[in-house]
Amino acid sequence: MKTANQSIKPVTTKINEKGNIEIGGCDLTELADKYGTPLYIYDEATIRSVLNDYKKAFKNYPKMNMMFAAKAFMTKAICKIMQQENFGLDLCSGGEIYTAKSSGFDMSKTLFNGNNKSYDEINYAIECGIERFSVDNFFELALLNNCAKSHNKKVKILLRITPGIECHTHEYIQTGHLDSKFGFDLSQTDEVLELLKDEYSNLELAGLHAHIGSQIFEKQVYYDEIGVILKEIKRIKDKFGITLKEANIGGGLGIKYTKDDKPISIYEIAEVIIKSVEEHTKKYELEEPVLYIEPGRSIVGTAGVTIYTAGSSKQVPNGRKYRAVDGGMSDNARPSLYQAEYTVEIANNANGRNNEIVTIAGKHCESGDILAKDIELPEIYEGDILCFYTTGAYGYSMSSNYNRVLRPSALLVNNGKSDIIINRQTYEQLCESDVVPARLNKTADD
Ligand code: LLP
């Protein structure tokens, strides 16, 4: 069965009677008028359809725990949806923990990930009731044990391992290969087990964790990853007599940004994961583990679009045609960071116009601030509303105030209703943290 991550557009997308694009029953041009642009728009129906597909796809594996990787897009409203749908949260910073906690999220269903958690973050995580930590390195083992001891607590840990699996995705978002900044090499796990036995009595090893990368289109890498994890669990069992009960296989399922992308469905990936668990537990004579997955992009990526207003244009003599929009690399860093490509449409009725090849430029003072290169669209006029699809993951969450451009607003749309889930930043908020030392206010006469 086809799932939302295999389509470019949110599930509710249509062209309305005015010829404008509508998502979640809302006309994008009306949203632009009401809320301004740039604007992130999230279709609630798409998010929930993906969550339901994940639940259905894994329903035959009772020991399943699903967590949303909050780094893809996190707001308090998103936390509420995850809680309602019975998803946990994979968190990776004090700020993400704070957001989850202040949304009222059940913190016992969260995991704290990251390769350089600070003592303060760990302390805060324990105070907030996070029960599970994915421990990334030796330094963190000591830090976490000390911190747990000072709280008089025993915390559950998973060991983040690098399974040595390379997947064909952008180099910056590959994580499972051996030369990675994340996790323990498999040659180091014995040492960890010795330390846990002898020194770190406030840590309870529950299982292993791996994450092989992001925007993955291949099934085999998941099959292989689970094989590596279960083989290591078997090795640890034989050598130390300890049976680890949990396996977290990370996230990574890809989505469709352009028509050339061929992501796999959630059902297909679940089938491979379950098959690999069955085959490898049989092979290694292990009990089926409590299985965790933590997808991010595939849950919110397709649900989100960004709209911009078209502004100035430039025709390079005998060269490219540029059309600039009112946002750019500050609201979406992915094109300049990863050469990411998007599918773009004019959201207002552009029938009857001739097509042209155009490059959509951002408004930042940087030549590399290009949102889409050489794409074919009906001729764009100043004031048109441009819709960039599949910006829901790692768009807003990687936004910045570069050039002191304000962070945009984000909406949740559903059945013709639109609600703000992030307010547009104001100039006052922009300067809120700025401090002018008193001595700089002195004049020459003082
Ligand atoms: N678990 C761990 C430990 C992770 O590091 C990540 C993503 C995920 C889960 C979720 O992966 P997903 O299902 O979203 O692929 N900024 C990049 C993506 C970085 C991914 C970082 N880790 C981008 O814009 O493509």
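Values in this document were obtained by computation on a predicted structure and should not be read as measured data. These values consider heavy atoms only, across backbone and side chains, with no hydrogens, waters or symmetry-generated copies. As the structure lists them, so they are numbered: ligands from 1, and atoms in each ligand from 1.
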> Should Arg297 be counted as touching ligand 1, given the test is an N or O pair under 3.5 Å?
Replying inline: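 Yes, at least one N or O pair falls under 3.5 Å.
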Under-4.0 Å heavy-atom contact with ligand 1, by part of [X] that carries it:
{"X": "Phe182", "answer": "neither"}
{"X": "Glu294", "answer": "both"}
{"X": "Ser214", "answer": "both"}
{"X": "His211", "answer": "side chain"}
{"X": "Asp90", "answer": "side chain"}
{"X": "Arg160", "answer": "side chain"}

> How long is the span from the CG atom in Asp53 to the CD1 atom in Ile269, to the nearest 0.5 Å?
Replying inline: 14.0 Å
> Roughly how far, to the nearest 0.5 Å, is the CG atom of Leu371 from the CZ atom of Arg323?
Replying inline: 14.5 Å
> In this structure, which one of Tyr394, Tyr40, Tyr42 forms a ring pair (Phe, Tyr, Trp, His ring centres under 6.0 Å) with Phe73?
Replying inline: Tyr42
Could you list the atoms of ligand 1 found under 4.0 angstrom from a heavy atom of [X]?
{"X": "Pro295", "answer": "13 (O)"}
{"X": "Gly251", "answer": "9 (C), 13 (O)"}
{"X": "Ala69", "answer": "8 (C), 9 (C), 10 (C)"}

>> Is the distance between the ring centroids of Phe138 and Phe184 under 6.0 Å?
In response: yes
>> Less than 6.0 angstrom separating the ring centers of Tyr292 and His209, yes or no?
In response: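 Not under 6.0 Å, so no.
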> Does ligand 1 have an atom that lies less than 4.0 angstrom from a heavy atom of Gly252?
Replying inline: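 Right, Gly252 reaches ligand 1.
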> Checking ring-ring contact (aromatic ring centres under 6.0 Å, His included) for the pair Tyr342/Tyr389: CA distance, chi angles, key distance, verdict?
Replying inline: CA-CA 6 Å; Tyr342 290 92; Tyr389 289 101; over 10 Å; no
>> Can you see whether Tyr284 has Lys231 sitting over its ring - NZ or CZ less than 6.0 Å from the centre and within 45° of the normal?
In response: no
> How far apart are the closest heavy atoms of Ile357 and Lys321, and which atoms are they?
Replying inline: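 Minimum heavy-atom separation between Ile357 and Lys321: O-CB, 4.0 Å.
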